[in-house]
Amino acid sequence: MKFDLHTHHERCGHATGTIRDYIEAGIKNGLQVIGISDHSPYFASSVDREQPGIAMAKSEFARYVEEVLKLKEEYRGRIDVLLGVESDFFPEVADVYRKVYEQYPFDYIIGSVHLSGGVSIFNRKRWNGLTERQKVEQKELYYDLIEQSARSGMFQILGHIDAMRGFYPAFSDIQTQAVDRTLQTIAKYDIAIEINTSGKTKDCGGWYPIDEILERALHFGVQVSFGSDAHVPSRVGDDWNEVAARLKEIGFREWVYYKEKQKQVVPL
């Protein structure tokens, strides 16, 4: 059973291809299940499209859902198309997002932290001139947001939980207990984390999260899922077999996806 729950498309402004293109790529690459999970609009913004190059407009969201549901029916029997969304997590306006999501029949929602301390986690400059203590504080702030997202009850999966290392590989070497604490919270609330293969496209190389975090996740009983985070159709299912093999080496025996927000367990 091959699945990929993290794919984007042209609505977000920084991906190419239509939803249909990603579904067709999934079929071509041998997937039985594909989740469509484009970036959530900035629902709390006073304007329709807060960040044109980052996320879709609020006015596009209902059309996005409608298109995925239509394609789900069209492709029934060929590939299972799931309705998802990759949602930003802003604790101060979480209820705004929650109320929007309650209106739609999502199979799952991925909760991802993209802004920490008001700055993009991918901003290389955020680390300039920081002391070692300040670097620890930045890492702990990031994981505090991930931990809050786990406690929120809004998500089935948490996205790329060490993506802050994307353009700052030394992030992984910053020592703090915050990672273990966050993994314990994720386990407590029975949420999965994704193995996200888009890290290979960034300076850090490899996947999110690093093996050390996956080993700790297994220790604490955190379940894992898979997402290519494809922004071009050719990356759908990217490194799926390699990830499956690595997870088995680490000690995992299964991974999961979600349908109608119910966990579906897939043996490795």
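The figures here come from the full heavy-atom set of this structure, side chains too, leaving out hydrogens, waters and symmetry mates.
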(message) Under the rule for side-chain contact (heavy atoms from CB on, under 4.5 Å), what residues qualify as partners of S198, not counting sequence neighbours?
(response) N196, T201, K202, Y208, D229, R235

(request) Could you tell me whether K261 atom NZ has more than 12 heavy atoms of other residues or ligands within 6.0 Å of it? (result) yes

(message) Measuring from atom OH of Y257 to atom CD1 of I157, what distance do you get when rounded to the nearest 0.5 angstrom?
(response) 11.5 Å

(message) According to side-chain hydrogen bond (donor to acceptor under 3.5 Å, both in side chains), does anything in residues 23-37 pair up with another residue at least two apart or in another chain? List the pairs.
(response) E24-Y75

(request) Kindly determine whether I110 and H6 satisfy side-chain contact (heavy atoms from CB on, under 4.5 Å), including the steps that lead there. (result) CA-CA 8 Å; I110 301 172; H6 196 153; 3.9 Å; yes

(request) Please report the closest heavy-atom contact between K58 and V47, naming both atoms and the distance. (result) CE-O, 3.1 Å

(request) List the steps, then state whether side-chain hydrogen bond (donor to acceptor under 3.5 Å, both in side chains) holds for D4 with S228. (result) CA-CA 6 Å; D4 183 351; S228 64; 2.6 Å; yes

(request) Supply the atom-to-atom distance I23 CD1 to I34 CD1, rounded to the nearest 0.5 angstrom. (result) 6.5 Å

(request) Can you measure from CD (E86) to CZ (F155) and round to the nearest 0.5 angstrom? (result) 10.0 Å

(message) When you group the ILVMFWY residues by side-chain heavy-atom contacts below 4.5 Å and let the links chain together, are L141 and W127 in the same group?
(response) no

(request) Using side-chain hydrogen bond (donor to acceptor under 3.5 Å, both in side chains) as the criterion, list what pairs up with E254, not counting sequence neighbours. (result) Q223

(message) Checking E10 now: which residues fulfil side-chain contact (heavy atoms from CB on, under 4.5 Å) with it, not counting sequence neighbours?
(response) T18

(message) Just to verify, what does Y104 make a side-chain hydrogen bond (donor to acceptor under 3.5 Å, both in side chains) with, not counting sequence neighbours?
(response) none

(message) Hydrophobic cluster membership, with links at side-chain heavy-atom distances under 4.5 Å among I/L/V/M/F/W/Y: are V232 and L5 in one?
(response) no

(message) Quiz question: by atom type and distance under 3.5 Å, do the side chains of S225 and E194 form a donor-acceptor pair?
(response) no

(message) For F171, does the six-membered ring have the charged nitrogen or CZ of K139 within the cation-pi criterion, i.e. under 6.0 angstrom from the centroid and within 45° of the normal?
(response) yes

(request) Start with the C-alpha distance between Q148 and D144, add both sets of side-chain angles, then the distance that settles side-chain hydrogen bond (donor to acceptor under 3.5 Å, both in side chains), and finish with yes or no. (result) CA-CA 6 Å; Q148 287 185 61; D144 179 65; 2.8 Å; yes

(request) Could you walk me through whether E102 and R98 pass salt bridge (charged side-chain N to carboxylate O under 4.0 Å, His left out), step by step? (result) CA-CA 6 Å; E102 287 172 352; R98 191 192 313 272; 5.3 Å; no

(message) Applying a strict under-4.5 Å side-chain criterion to I, L, V, M, F, W and Y, I'd like to know whether V93 and V119 cluster together.
(response) no

(request) Report, as yes or no, whether the 6.0 Å neighbourhood of atom CD on E212 holds more than 12 heavy atoms from other residues, nucleotides or ligands. (result) no

(message) I need the single residue from H8, H39, Q51 that forms a side chain to side chain donor-acceptor pair (under 3.5 Å) with H14. Which is it?
(response) H39

(message) Tell me whether Y143 contacts the main-chain N or O of I161 through its side chain, where contact means a donor paired with an acceptor under 3.5 Å.
(response) yes

(request) Give me the one residue out of L183, L247, V222 that meets side chain to side chain contact (heavy atoms under 4.5 Å, CB included) with L214. (result) L247

(message) Counting only heavy atoms not in E92 (residues, nucleotides, ligands), do more than 12 fall under 6.0 Å from its CD?
(response) yes

(request) Under the salt bridge (charged side-chain N to carboxylate O under 4.0 Å, His left out) rule, what do R165 and D203 come out as? Steps first, then yes or no, please. (result) CA-CA 8 Å; R165 81 177 219 274; D203 290 358; over 6 Å; no

(message) Applying side-chain contact (heavy atoms from CB on, under 4.5 Å), can you list everything that pairs with R11, at least two apart in sequence or on another chain?
(response) H9, I19, D38, M56, E60, R63, Y64, E67

(request) Please test W207 against D239 for side-chain contact (heavy atoms from CB on, under 4.5 Å), starting from the C-alpha separation and ending with a verdict. (result) CA-CA 9 Å; W207 310 320; D239 283 354; 3.1 Å; yes

(message) Does the plane of the ring in F43 sit parallel, tilted or perpendicular to the ring in Y101? Use 30° and 60° as the thresholds.
(response) perpendicular

(message) Can you confirm whether E260 is buried at CD, in the sense that more than 12 heavy atoms of other residues, nucleotides or ligands lie under 6.0 Å from that atom?
(response) no

(request) State whether E137 and R133 are salt-bridged, where the test is any N-O pair (Lys NZ or Arg NE/NH1/NH2 against Asp/Glu carboxylate O) under 4.0 Å. (result) yes

